[in-house]
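Only a predicted model underlies this, so the values are computations on that prediction, with no experimental measurement involved. Counting convention: from 1, in listed order, for ligands and their atoms alike.
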Amino acid sequence: MTSVLVLNGPNLNLLGLREPEIYGADTLADVEAACVAHATANGFSVTCAQSNHEGALVDAIHAARGIHKGIVLNAGAYTHTSIALRDAIAGTQIPTVELHLSNIHAREPFRHHSMIAPVAVGMICGFGAAGYTLALDALIGHLGGTT
Ligand code: CA2
């Protein structure tokens with residue numbers, strides 16, 4: 001069965017616990033359970049991971065080589081700063097869908113630029129937790145829908 005990785009970055013472990021008006025009421029565990037259910041229903045397996053550390057996220061992308069055919073990545077605030085994450089995606093050439101709960105373009109100017117976007121297959125943002133399953137659908141479609 002084809003496997004994909006859902007990777008979440010810094011502070012996303014706080015989902016559902018703070019700022020629900022921006023990020024929604026679903027917890028990270030809720031989001032991950034929805035990803036597992038959605039991927040499984042589509043014949044894919046999914047591994048979910050989260051880290052608050054940039055290097056650990058780079059390691060997770062490197063470790064995906066040969067295991068996961070694609071990545072859904074919410075890099076959190078590292079989206080806007082991390083050349084290292086961008087280089088990891090470009091270096092591994094693992095198809096990656098960038099995902100944000102909030103519409104980063106409707107927020108503060110410093111969130112408008114993404115380091116990840118130029119090396120991503122595409123970006124989904126602004127649809128809250130539903131964006132994760134939208135991103136999985138986009139990734140599965142990009143991979144050809146085959147298992
Ligand atoms: O909208 C998104 O998904 C973001 O990636 C979330 C990041 C933010 O820095 C990006 O600009 C957009 C922040 C994640 C923080 O998550 C929290 C969740 C609940 C409470 C506090 C923080």
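Atom numbering of ligand 1 starts at 1 in the shown order; those under 4.0 Å from a heavy atom of Ser102 are 1 (O), 2 (C), 12 (C). Ligand 1 places these atoms under 4.0 Å from at least one heavy atom of His80: 10 (C), 11 (O).
Donor-acceptor pairing under 3.5 Å is lacking for the side chains of Thr79 and Glu98. A donor-acceptor contact closer than 3.5 angstrom links the side chains of Tyr132 and Asn8. Judged purely by distance below 3.5 Å, without hydrogens or angles, the side chains of His38 and Asp137 pair a donor atom with an acceptor atom.
Relative to atom 22 (C) of ligand 1, the option among Glu19, Arg18, Arg107 with the closest non-hydrogen atom is Glu19.
Contact record, Pro10 with Ala77: CG-N, 4.1 Å, taken as the closest heavy-atom pair.
Atom 2 (C) of ligand 1 has Leu101 N, 3.4 Å as its closest protein atom, hydrogens excluded (heavy atom only).
Remark: ligand 1 and Tyr23 share no N or O pair separated by less than 3.5 Å (distance only, no angle test). The shortest N or O to N or O distance between Gly16 and ligand 1 is not under 3.5 Å.
Judged by the shortest distance from any of its heavy atoms, Thr79 lies outside the 4.0 Å radius around the atoms of ligand 1.
At least one side-chain heavy atom of Ile71 sits less than 4.5 Å from a side-chain heavy atom of Ile61.
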